[in-house]
Amino acid sequence: MTKIKAKPVEKKKPTTRKKAVSKKTASKQAATTAKDKSFNPQVFEPKWQKKWEEDQLYRSVIDESKPKHYALTMLPYPSGDLHIGHWFSMVPPDTRARFMRMKGYNVLFPMGFDAFGLNAENAAIKDGIHPMKRTFANIERMRKQMKSMGPMFDWEREAISADPSYYKWTEWFFIQLYKAGLAYRKMSAVDWCPKDNTTLAREQVIGENRVCERCGTPVIKKALEQWFFKATKYADELLRFDEIDWPERVKTLQTNWIGRSEGASVIFKTEAGDNIEIFTTRPDTLWGATFMVFSPEHPLVGEITMPENRAAVEAYKAQAARQSDIEREAVDKEKTGVFTGGYAINPVNNERIPIWIADYVLMSYGTGAIMAVPAHDERDFAFARKYGLKVIPVIQPEGVELNGDTMETAYEHEGVMINSGPFNGTRATNDKGLKNPAIKAVIEWLEQKGIGKRSVNYRYRDWLISRQRYWGAPIPMIHCDVHGWNPVPDDQLPVILPEDVEWKPTGESPLKLHPTWKNTTCPVCGEPAVRETDTMDTFMCSSWYHLRYLSPKYDQGPFDEAEYNYWMPVDTYTGGIEHATMHLLYTRFFHKALRDMGITEGNEPMMQLRNQGMVLAEDNSKMSKSKGNVVAPDMLVNKYGADTVRAYLMFFARWEMGAPWDSQGIEGTARWMRRIWTLFTDDENASRAASRGSVYDARHLRRRVHQTLKRVTSEFENFEFNTIISSLMELLNEMYKARESGAVGSAAWQEAKEIYVKMLAPVAPHIAEELWTNHMGKPYSIHQQSWPKVDEAAAKEDVIEIPVQVNGKVRDRITIPAEASEDEIRSAALASEAVQRYLEGKEPKKVIVANKRLVSVVV
Ligand SMILES: [Zn+2]
Ligand SMILES: [Zn+2]
C-alpha cells in the first residue's frame with residue numbers, strides 16, 4: 001500500500017504591492033465615532049508600554065517552581081541611534097523570549113550597553129565633548145528608542161560597562177586572571193592603527209591588506225610593552241564544541257582561527273653547533289629537506305652569514321623590514337631570498353644543507369625557521385627551481401618514478417617513502433598527524449633518537465589586552481621600581497577614570513598625560529609608585545556582561561551567586577556572526593579561565609547560539625550614515641506602529657540570512673495587522689455574516705487552527721520567524737472564510753480567536769493586549785497567559801483510502817488527505833509502486849479519477 005503524506009501547505013508571500021487600505025476605508029476609519037474600534041496603534045502602544053512598565057510585567061526574579069530560560073541577545077554599542085539592524089537583531093529574539101515565557105518558563109531577557117570604546121573617544125578628540133557625557137546621553141536616547149519597540153527587557157537588570165559599579169568588577173577579573181598566572185606583560189611588536197592611535201588585537205586587523213577593523217587604515221607594527229591574557233592555554237579546549245549547540249559556521253570559523261596543526265618539532269644544527277628548532281607537519285619528508293629558510297629577522301642570521309654574503313644579506317633584510325607581514329606572505333608574490341653562506345646539518349641523514357633567508361618566513365609564526373622540502377611542497381619547489389637548489393623526492397606515488405631533476409611540480413599526495421634510510425617502503429597516506437602511518441613511525445623514531453618530538457602548533461595567539469586609550473576600564477596594576485608590578489588592592493577598586501583629561505591624538509593614553517592620576521603608592525612597600533595608564537580592550541567588558549545582568553546592583557562581587565546558580569548558563573544566545581572569532585571566542589576563554597578559578601561553573605557560558613543575518617540597504621549595499629541609506633525605525637513606528645514594524649522585520653527575510661530592506665513590503669504587513677483588527681473588532685459585519693445561515697464546518701476550522709498552532713510552535717522553537725508570520729496570515733484568511741460562512745458565536749470560533757491572539761502576542765504584543773483585554777474582555781494580561789496546547793486529534797488531516805485499478809483490476813490502495821485535489825490523487829496513484837510495475841516505465845494511456853472513490857489506469 002502506498003502512503004502519501006499530506007503535502008505541506010505552500011507558504012506564499014501575500015501580495016504586498018496592493019494598496020494596503022483604500023482611501024475610502026481609511027477616511028471612514030478616521031471618521032468613525034466608536035473610538036475603541038478604530039485601529040490606532042499610536043495611542044494604544046504607548047498606553048500598554050506604560051502600563052506594563054508600571055506593573056513590572058516583565059520583571060524576572062528567581063522562581064524555583066518554574067524552569068528557567070536565560071535568553072541573551074548581544075548588547076549594543078551606544079552609538080546614539082537605534083537603527084533597523086538593531087531591531088532586526090532584537091525583535092525576533094524578543095518574540096521568542098515571550099514565546100518561552102508563555103510556554104511556562106521563567107524567562108530572563110536582559111539588555112544593556114557595551115559603553116566603552118574608541119568611537120566616543122575619537123568623537124571627543126573632534127568636538128571636545130567628554131566621552132562619558134556623550135555615552136550616557138546616547139544610552140538615554142537609545143533606551144527610549146528600545147522601549148518603543150515594546151520588548152520584554154527587564155530594565156531592572158540593565159548593565160552598562162562604563163559605569164564604575166560595572167568596571168570595578170572588570171578590573172577585579174583582570175586581577176583574578178593575573179593572580180592565576182593568566183595575565184602577563186611582555187614587549188612585543190603589536191599591530192598599531194596610526195589613525196586611532198592604539199594597538200589592535202590580532203582579530204581587529206582585517207583583510208588581505210591588514211587594515212584596522214574600525215577605520216580601514218593600514219595597520220603598522222610597533223614595539224610596546226603590553227598586557228596579554230594566556231588564551232592559548234585553552235586552545236585545545238576551545239576546539240571542543242560537544243557541549244554546545246552552535247552554528248557549524250561559527251564552529252568552523254573558531255576552529256580555523258585557532259588553527260591547530262599536528263606534527264613534530266625537530267632540532268637541526270648549524271655547522272657551529274647551534275640548535276635550530278623547526279616545526280613541520282610533514283616529518284615523513286625530513287629526508288627530502290635539501291635547504292633551510294630563515295626569516296630575515298632570525299637571531300642566528302648574523303652568526304651564520306659568511307663575510308662574502310654579508311652585503312647581500314643586509315640589503316635583503318632592509319627591504320624585508322619595509323614590507324608588511326601580509327605583503328611578505330602573499331600567495332601570488334614572487335618568492336625571493338638570498339643565501340647566507342651558512343649550512344645546517346639535517347639530523348636524520350647528516351646531510352649538509354644551505355641556509356637561505358626569505359621574507360615569506362615570518363618570525364611571528366612558528367620558530368622563524370623552516371626546513372624546505374622542494375619535492376613535496378609547492379612553495380619550496382618554486383624557490384628551489386629559481387635558485388638551482390637540490391630536489392630529492394622522498395614520497396613516491398604508485399606506478400610513477402619521480403625524478404628530482406625533471407619534476408615540474410611538487411608532489412603533495414600519498415605514496416611510499418623512498419630515499420629515507422630506515423623508512424624506505426613505508427606507506428604515507430594523505431592523512432594528517434598521527435593518523436598517517438609514515439608520520440607516526442618517523443615521530444617515534446625521532447623521539448627515540450632524541451632529535452625531535454611530537455608537537456602541536458597553533459595559529460591562535462594570546463589575547464592582547466592593553467589599549468593606549470582613555471575610554472576603557474583601567475588596567476588595575478601598579479608599578480614600583482623595587483617591587484615591580486602588583487595589582488591594586490581590592491579595597492581600592494575600582495580605579496576610577498579621571499574626568500579632567502585632555503583630548504589629544506598623541507598615541508599615548510590621556511591617562512599617561514594626566515598630571516596626577518598615575519601617581520599612587522606601591523601596595524607592597526607604600527613608597528611612591530605609578531599606575532598602569534593603559535586601559536583594557538572593550539572585549540574584556542563584554543566577556544562577562546551576561547554575568548553582570550544577573551545582579552547589576554550587587555556590590556559584594558561581580559554577581560550574586562544565588563542568581564548565578566538559578567539562571568546560568570545562558571540558554572539561547574543571539575547576535576551577529578561577525579563576532580565568531582572575537583567576542584564569541586573571548587567569552588568562552590573567559591568562562592573557562594574563571595571556571596578553573598572556581599568562580600564560574602560548567603564548561604561553557606552559552607549553550608545555544610543562533611546568528612541573525614544583516615539588513616542591507618535597498619540597493620543591496622551596507623547601510624551607513626555617510627551614504628544616507630539608513631532606515632530609521634522611529635519613522636516607521638510613527639507611521640505604522642511598533643507591532644507592524646516588529647512583524648515586518650520577522651517576515652521580510654529569513655532571520656539567519658538577512659536581506660536588503662524592502663520599503664514597499666511593509667504595506668502588506670500593515671494590511672494584515674488592520675485585517676486582524678477588523679476581524680476581532682467588527683461585530684456588525686460579523687453578525688450580518690452569521691445571519692446568512694450556517695454552512696460552516698467547525699471541524700475544518702479547528703483543524704486549521706490547531707495545524708497552525710502546531711506549526712507556529714515549532715517555528716518559534718526553531719527560530720523560523722518569517723514562516724510564523726505567513727502561517728498567521730494564512731490562518732487569518734481561513735478565519736475570514738469561516739466568519740463568512742457563519743462561524744461566529746460557535747465554540748470553535750471562540751477557540752480560534754483565543755488561540756489566534758495568543759499566537760499573535762509574542763509578535764505584536766500591543767495589539768494582542770488591546771484585543772485580549774479590551775475587546776474580548778479577557779483578564780489582563782495576555783502576556784501572562786499560557787501558550788495554547790495543540791489538540792492533535794483536531795489537527796489531524798482526514799485521510800481517505802482510494803483503490804487504484806490497472807486495466808480494470810485493483811492493484812493498490814492509496815491513502816491521501818481528504819482534501820487532496822484530483823491532480824494530487826492522480827499523481828499519488830501513478831507514484832504507487834504496484835502501478836509503476838504495470839506501467840513498465842511507459843506513460844499510461846488513460847487515468848480516470850472517479851469522484852475521489854476510484855482511480856482507473858489504462859496501460
Ligand atoms: Zn583605526
Ligand atoms: Zn614597592
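Order of listing sets the numbers, starting from 1, for every ligand and every atom in it. Residue indices begin at 1 and follow the sequence shown.
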Review point. Do Glu158 and Arg143 meet the salt-bridge criterion of a basic N to acidic O distance under 4.0 Å?
Key: yes
Study note, to complete from the structure: The atom of Asp196 among N, O or S that is nearest the Zn ion (ligand 1) is OD2
Check your understanding: Hey, what's the angle at the Zn ion (ligand 1) spanning SG (Cys215) and SG (Cys212), nearest 10 degrees?
Key -> 110°
Review point. Counting only heavy atoms not in Glu561, do more than 12 sit closer than 6.0 Å to its CD atom?
Key: no
**Study point:** Basic-acidic side-chain contact under 4.0 Å: Arg214, Asp196
**Key:** no
Review point. If you stand at the Zn ion (ligand 2) and look out to SG of Cys480 and SG of Cys522, what angle do those two lines make, to 10°?
Key: 110°
**Study point:** Expected output: side-chain Arg548 to main-chain Pro558 donor-acceptor under 3.5 Å
**Key:** yes
Review point. Looking at the Zn ion (ligand 2), which N/O/S atom of His483 is the nearest one?
Key: ND1
